[in-house]
Every structure is written in C-alpha cells, then in structure tokens.
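The block underneath contains the structure these notes are about, expressed in structure tokens.
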Amino acid sequence: MGLDGSVSSVLAVNGSGSWIWWHWISTHPGEIGHRLEEHIVLTAYAVVIGFLIAFPLGIFTQRHRSWYGPTLGITSGLYTLPSIALFGLMVPIFGLTRTTAIVPLVLYTLLLLVRNVVAGLDSVPHDVLDAADGMGYTRNRRLLRVELPLALPAIVAGVRIATVSTIGLVTVTALIGQGGLGRFIVDGEQRGFFKTPIVVGTVLSIALAVVADLGFLGLLRLATPWSRAGER
C-alpha cells in the first residue's frame, strides 16, 4: 500500500493523532527502504561530485594563493543562496529530474570542501616540507607522500560536515519531486499533518547523518593510525 493511497484511510481509522502509528510503519517497510535508498544515492552523488571538483580546486588555490580569495568568495556566495530558490532556478534548465536536485547539492558542498582542503594543506609544518625537499622529493611526490597524509584529518572533517549538511538538504528535494526521506515529511504535512511519516522521515534523516558521520570518523582512524598514538 503506497503512502498516497493510505494516509486518508489511516487518518479515518486512527483519529487519535498520535505521533507514532506502528501499524503504518509495519505496512510500509518497502517504501521506507526505497525512500532511504533515494536519500543515500542523492547524498552520495552530491558529495562525491563535489569532492571531485573541490579537491583539485583546493590544491590549486593553496598553491596559487591569489585565487583563494575569489574562489572562497564565489563558493561562499553559492552557499548563502536559499535552497528553495536555487532548486527552483534549476527546474527551467533541467526540468524535474535528478540533475535538478544534484547540481545545487554539489554547489553547497564546495565551500566546505575547498576550505578544508586548503586548511589541511596549510596545517602541514614547514620543517616537514623542508625535510621532504631536502630528500629530493618533487612537488607532486611531496604532495602525495607527505602533504596529503598529514592534511587528511582536516580534509575528512570537511567531507563529514559536507555529508551531514547534504543529508539535511536532500529532504528539500522532495519539493521538486525527487523523493528521499523528505517525501514522507511533505506528504505528511500535505495530508492533514499526519505525524507518523513526518517522524519517520525526520528520525531516519538524523540517524543517517549520525551513521555517516561516525563512518567517516572510523575510516579516518583506520587511515591515520599515527593519530591515535597520542591517545595511549
């Protein structure tokens, strides 16, 4: 039974207006799983594409400092645009498609990712760079073998923040017909404030953000075993 066809009957039967109606949840496991999958896919597309753009851009602007200010200004400007307006501007260009949802989500990640890539590279101690130069490392080899490993905590911190904020923003894409957990919130509000799907969409969005954040934190600990030396 789909959400559209069920809410009216649910409200008619369940007039109590309780926040959680377990029968609705038990009869919609397929739709809940489908919306959760849509949410994860949209988030993954946005963060991966955003990182593929921001990573080389961050390296370039860290090496060519005069470009950092303008780049940060543009990405900051994009970040301050209201999400509803930005999604609306994409509709005449791409229609009601997944691209319309992904493009703004990608733009919102750029500020967080570029800034953290630059901050991570800036955090590498100068004496470490001097030692690498003294050992005859080329610039690219120094970047790959010395700078990026040491900058990894700051870069991953940017990815964690970008992922969590994107998971929250994906709920807005339901307004342009792109599903995700926000679909439950929109449908619940449009049908007499039926609370259960609203709670399900909200709680799962928060849980997804927490799981993603902890997942990146775990990956960082595995990738940087030297960072745990000071904890012992």
Side-chain angles (χ1 to χ4, degrees), residues 1-7 10-11 17-22 24-25 27-51 54 75 78-113 158-217:
M1 183 166 54
L3 179 62
D4 291 349
S6 65
V7 174
V10 164
L11 287 173
S18 59
W19 285 91
I20 296 294
W21 201 46
W22 295 107
W24 183 89
I25 296 175
T27 55
H28 292 77
E31 185 170 6
I32 292 172
H34 175 63
R35 297 302 185 194
L36 179 61
E37 181 182 352
E38 286 180 330
H39 210 97
I40 293 172
V41 168
L42 284 170
T43 302
Y45 269 119
V47 175
V48 169
I49 295 173
F51 185 78
T75 54
L78 293 171
Y79 192 77
T80 59
L81 291 175
S83 57
I84 294 293
L86 194 51
F87 284 121
L89 289 172
M90 294 295 119
V91 172
I93 302 173
F94 301 110
L96 295 176
T97 64
R98 180 172 286 182
T99 304
T100 300
I102 291 175
V103 170
L105 294 173
V106 169
L107 296 178
Y108 282 125
T109 67
L110 294 181
L111 172 65
L112 302 169
L113 294 172
V159 175
R160 289 171 59 194
I161 298 170
T163 302
V164 170
S165 64
T166 301
I167 288 172
L169 283 169
V170 167
T171 57
V172 182
T173 65
L175 296 174
I176 55 172
Q178 292 309 303
L181 295 170
R183 190 68 235 169
F184 289 133
I185 299 172
V186 172
D187 281 347
E189 291 179 348
Q190 288 178 342
R191 290 167 172 77
F193 200 65
F194 179 37
K195 300 181 185 68
T196 298
I198 297 175
V199 171
V200 168
T202 303
V203 170
L204 285 180
S205 294
I206 295 171
L208 183 60
V210 171
V211 169
D213 191 48
L214 292 176
F216 279 116
L217 188 60

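Everything numeric in this text was worked out from a predicted model, so none of it was measured. Numbering starts at 1 and runs along the sequence shown. Scope of the values below: all heavy atoms of this structure, side chains included, with no hydrogens, waters or symmetry mates.
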Would you be so kind as to tabulate the donor-acceptor pairs closer than 3.5 Å made by side chains of residues 85-93, with sequence neighbours excluded?
none

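Between T163 and V159 the shortest side-chain heavy-atom distance falls below 4.5 Å. With contacts defined as side-chain heavy-atom distances shorter than 4.5 Å, the pair V200/I25 qualifies. Considering only heavy atoms from C-beta on, Y45 stays 4.5 Å or farther from L105 through its side chain.
Q190 meets the side-chain contact (heavy atoms from CB on, under 4.5 Å) test with R183, V186, D187; sequence neighbours excluded.
In this structure, NE2 on H34 lies 3.5 Å from CD on E38, to the nearest 0.5 angstrom. Considering CD1 of I185 and CG of L175, their distance stands at 9.5 Å, rounded to 0.5 Å. For the atom pair CG of L42 and CD of E37, the computed distance is 10.5 Å after rounding to the nearest 0.5 Å. Between the CD1 atom in I167 and the CG atom in D213 there is a gap of 8.5 Å [rounded to 0.5 Å]. Between the OG1 atom of T43 and the NE2 atom of H39 there is a distance of 4.5 Å, given to the nearest 0.5 Å. To the nearest 0.5 angstrom, T171 atom OG1 is 13.0 Å from F184 atom CZ.
Counting only distance, with no hydrogens or angles, the side chain of T196 and the backbone of W21 share a donor-acceptor pair below 3.5 Å. A donor-acceptor pair under 3.5 Å is formed between the side chain of Y108 and the backbone N or O of S83. No donor-acceptor pair under 3.5 Å is formed between the side chain of T100 and the backbone N or O of L96. Distance alone, capped at 3.5 Å, places no donor-acceptor pair between the T202 side chain and the V199 backbone. No side-chain donor-acceptor contact under 3.5 Å links Y79 to the backbone of L110.
Between A101 and T173, the shortest heavy-atom distance links the atoms CB-CG2, 3.7 Å. Considering every non-hydrogen atom in both G182 and A174, the closest pair reads C-CB, 3.4 Å. Summarising the geometry of P197 relative to G188, their closest heavy-atom pair is CG-CA, 4.1 Å, with the distance given to 0.1 Å. Contact detail for A54 and L113: the closest heavy-atom pair is CB-CB, 3.4 Å. Between S165 and L112, the shortest heavy-atom contact is OG-CD1, 3.8 Å.
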